[in-house]
Amino acid sequence: MSWQDNMQQWLDYKDLDPDMKEQLNEMKNDDKVAEEAFYEPMEFGTAGMRGLIGPGINRMNIYTVRQAAEGLASFMDTLDDKLKSQGVAISYDSRYYSQDFAYESAKVLGAHGIHSYVFDSLRPTPELSFAVRSIPTYAGIMITASHNPKQYNGFKIYGPDGGQMPPVESDNITSFARKASNLFAIKVKPVTKLREEKLLTLIGEDVDLNYMKNLETVIVNRDLINNIGDKMKFVYSPLHGTGKMIAPRIFQKLGFKNFNMVTEQAILDPEFATTPFPNPEFAQTFDLAIERGKKIGANILIATDPDADRLGAAVRQPDGSYKLMTGNQIASVLLNYLLQAKKGLKQLPANGAVVKSIVSSELATAIANKYNIEMLDVLTGFKYIAEKIEQFEKNGSNEFLFGFEESYGYLVKPFVRDKDAMQSTLLLAEAAAYYESKGKTIYDALEDLYEEFGYYREKTISKTFEGISGKDKMAQIMKTLREEGIDEINGVKVVESIDYLKDTDTTEAGVKPTGLPKADVLKYVLADDTWVAARPSGTEPKLKFYIGVKADTEANAAQKLADFAKEIEGWE
C-alpha cells in the first residue's frame, strides 16, 4: 500500500491510543513527515529496531512494538515445548514509553501462552543479557535506544546465549512480524490476566544480587583494591539512565569508597535535561562530571550511556584539567592492564583470545601479540563477539579474555554476552588504581603504549541521511564505491580491498574469501598501514567512515589522520 493508505488506516482506527491520535492529527498537514512515518515498516538492524517515537509503521509506538513482539512470539510458537516454556526476560531504560513498551511486549507474548520475566524497574542492557542466561529464558527483550537523543526508543531481541539474536533467527522473527501486517489486530492479554495465569513474573533484586556477584569476578587483583581502592577518587555519571541501579552498589561493595555520582545526571529523566545527546563519546556529556571532578580532585571521570552498555572516560592531567579518551584508547589501556595483571598472577591462558570489530584499533592487536594472545576480528555488532564466545565454549579452541568495539563498548567476562559498561567500569577503576600505585594515570599508561608500539589514531566520520531520500543516498554512495573501486587514498596506494558483501578480500596475490558473514561493509588497507572502512549503520540513518593510522610521533599521527579525514569527508 502507499504511505497515504497506511496513514488512512491509522486515521480510521477508532481505538487508537489518545497520544498517537493527537500526534497523527498534527502530522496530517505535513506530507514529508507523514510519508517518512508511513512509507515502510521499521527494519531490524545489527541491534534490533530503533527509531523516532510517534505514530506510523516506521516509528516506535505501542503498535510497532506489539508487531515486533508478535514476530518473536510467532517464531517461538515453532519451537518445541521445552524451549518455548523457558519464556522471555524483559528490561527497559528511562526513556519515554520504555516501561509501556516492555509491558506491551509481555501482553503480546502472554496471548501466545509465553511466560515473561519483567524487571520491576529499569535495568541495564547487560543485566538483561545476564538474566536471559541465568534464569534461563529462551529470549530477551530490551527496550532502549541506547545513546540516542530523547526522541528515540528501540526494541532489541536477545537469544538463548544472552547475545543479540543471530541473523537467521532475527530474519525469521522479522518475517513473522511482517505477516502481522494489521497492527491493530494483534492480540494482547491484560497484565492482570497474565499475573493470574502465572504468565508474568516480576524480577529485580534477585537478579541484581546474582549479577553483582558475577561482577566481582571482573576484578583481577583484589589485594590491589584492598590496598588502594579507598584512596582513589571517582566521579560517575549514569547520564540519567540505568547505570544508577548497579554502579554505586558494586563500587561500594568492592571497596571503592570515594565514589561520587553526578547528582544532576542521576535523575532518571527521559528528557535527558542536562545532556541532549546522552552519548559518552561526546565531550558535552562530561561537563558536569568535570565540574565535580575539579572540586574533589577526582583521578578519573566515568560516564555510561542510558542503558549502561557503553562507557566513556576522562583522566585528570597534571594541570588539573581532564582529557577525554576515545573508545579505542580505553579499550587498549584496559586490554594491556588485563593481560599484564593476569600474566603477573600466572593466570594468562595459553589459548587466550581477544575479539574486536573490523573497524577497531590495531593498537589492541599489537598489545595482544606481545602477550602471545590471539586477536580475532569480527563484523560490527556485538552479537558477532558473542557468537565467537559461544564457539569457544563449544569447541574449546580458545578462552575468551576481552572483546570490544571502537564505539565505547567492552566486555571482560562472558557471563554477559553484550557490551557491559558495569564490567568495564570496574576494570577501568582497577587499572586506574594500579597506575596510581605506580605514580601514573590511565593517560600515562596510554602514552607508554604509544611509545612502545607506535602512535595509533582513529576517527569515525558519521554522515546523517534522514528519511527516504537519505536511505537511497547512502545506498548510492556504497554502490559507487563498489563499482568504481579505489586504487589510492590521499596519495597512498591501496594494497588490500575487502568487500564483506561480496565476500572478497583482494590483494596483488589474488582474491580470497573474507571468512566472515556477508555485510554491507567496505574496507581498504593502504601501503603505509592506514586503513579505511565504509559502513551504513544498522540502527541509525548514518553512513560511517572509519579511519585508522599509525605514525612514529603523536604530531605525525595527528596530521596523517587529519589529511585522510579531509579527503574522506568529500566522499559522496
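Values in this document were obtained by computation on a predicted structure and should not be read as measured data.
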- prompt: Relative to the ring of His240, is the ring of Phe272 parallel (under 30°), tilted (30 to 60°) or perpendicular (over 60°)?
  reply: tilted

query: Among Asn58, Ile57, Leu52, which one satisfies side chain to side chain contact (heavy atoms under 4.5 Å, CB included) with Met42?
result: Asn58

message: Taking side chain to side chain contact (heavy atoms under 4.5 Å, CB included) as the criterion, tell me which of Gln284, Lys150, Glu271 meets it with Pro276.
response: Gln284

Pair [X]-[Y], side-chain donor/acceptor within less than 3.5 Å:
X: Glu281; Y: Tyr408; answer: no
X: Tyr158; Y: Lys156; answer: yes
X: Tyr152; Y: Arg50; answer: no

message: Taking the six-membered ring of Tyr450 as reference, does the cationic atom of Arg457 (NZ for Lys, CZ for Arg) lie under 6.0 Å from its centre and within 45° of its axis?
response: yes

Do the side chains of [Y] and [X] get nearer than 4.5 Å, heavy atoms only?
X: Ile385; Y: Glu387; value: no
X: Ser357; Y: Leu379; value: no
X: Gln423; Y: Pro126; value: no
X: Val218; Y: Phe415; value: yes
X: Val412; Y: Asp420; value: no

message: Using salt bridge (Lys or Arg N to Asp or Glu O under 4.0 Å), reason through Arg123 and Glu205 one step at a time and then give a plain yes or no.
response: CA-CA 11 Å; Arg123 292 296 194 285; Glu205 185 66 8; 5.2 Å; no

query: Is it true that Glu43 and Lys471 make a salt bridge, defined as a side-chain N closer than 4.0 Å to a carboxylate O?
result: yes

query: Is Glu406 salt-bridged to Lys356, cutoff N-O under 4.0 Å?
result: no

- prompt: Only one of Lys413, Arg249, Lys253 forms a salt bridge (Lys or Arg N to Asp or Glu O under 4.0 Å) with Glu216, so which one is it?
  reply: Lys253

- line: d(Phe119 CZ, Ser116 OG) to nearest 0.5 Å is 13.0 Å

- request: Would you give the length of the straight line joining atom CG of Leu311 to atom CG of Leu427, rounded to the nearest 0.5 angstrom?
  value: 10.0 Å

[X] ring center near [Y] ring center (under 6.0 Å):
X: Tyr211; Y: Phe130; answer: yes
X: Phe155; Y: Phe101; answer: no
X: Phe251; Y: Phe259; answer: yes

- prompt: Is a side-chain N or O of Ser237 found less than 3.5 angstrom from the main chain of Leu239, in a donor-acceptor match?
  reply: yes

- prompt: Is a side-chain N or O of Glu430 found less than 3.5 angstrom from the main chain of Asn221, in a donor-acceptor match?
  reply: yes

